[in-house]
Trainee: 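Sharing a structure, written as structure tokens. Questions coming.
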Amino acid sequence: MERVYYKLVRDRIPEIIQGDGNEPVTYVLDDVEFKGCLFEKLHEL
């Protein structure tokens with residue numbers, strides 16, 4: 001079963017996923033996208 005998460009991840013999380021035998025798909029945000037996602041993260045309940 002494939003899991004899809006649209007969220008910011010900490011350093012080394014993709015390496016940990018690979019260590020479990022899975023293949024992470026990552027995307028590096030540009031500054032504008034990062035600021036928007038960070039703002040959303042900071043305002044989660």
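None of these values were measured; they are calculated from a predicted model. In this chain, numbering begins with 1 at the start of the sequence shown.
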Trainee: Write down the atom of Pro14, the atom of Pro24, and the distance for their closest heavy-atom approach.
Mentor: O-CG, 3.5 Å
Trainee: Taking the hydrophobic residues Ile, Leu, Val, Met, Phe, Trp and Tyr, and joining any pair whose side-chain heavy atoms are under 4.5 Å apart, which ones share a cluster with Val28?
Mentor: none
Trainee: Taking side-chain hydrogen bond (donor to acceptor under 3.5 Å, both in side chains) as the cut-off, I'd like each qualifying pair that reaches into residues 18-28, sequence neighbours left out, listed once.
Mentor: Tyr27-Glu33
Trainee: Using 0.5 Å steps for rounding, measure from the OH atom of Tyr5 to the CD1 atom of Ile17.
Mentor: 8.5 Å
Trainee: What residues, two or more places apart in sequence or in another chain, satisfy side chain to side chain donor-acceptor pair (under 3.5 Å) together with Arg10?
Mentor: none
Trainee: Under the 4.5 Å side-chain heavy-atom rule for ILVMFWY, direct or indirect, which residues accompany Val25?
Mentor: none
Trainee: Going only through I, L, V, M, F, W and Y residues with side-chain contacts under 4.5 Å, is there a path from Leu29 to Val9?
Mentor: no
Trainee: What pairs with Leu38 under side chain to side chain contact (heavy atoms under 4.5 Å, CB included), at least two apart in sequence or on another chain?
Mentor: Leu8, Phe34, Leu42
Trainee: According to salt bridge (Lys or Arg N to Asp or Glu O under 4.0 Å), does anything in residues 35-45 pair up with another residue at least two apart or in another chain? List the pairs.
Mentor: Lys41-Glu44
Trainee: Can you name the side chain to side chain contact (heavy atoms under 4.5 Å, CB included) partners of Tyr6, sequence neighbours left out?
Mentor: Val4
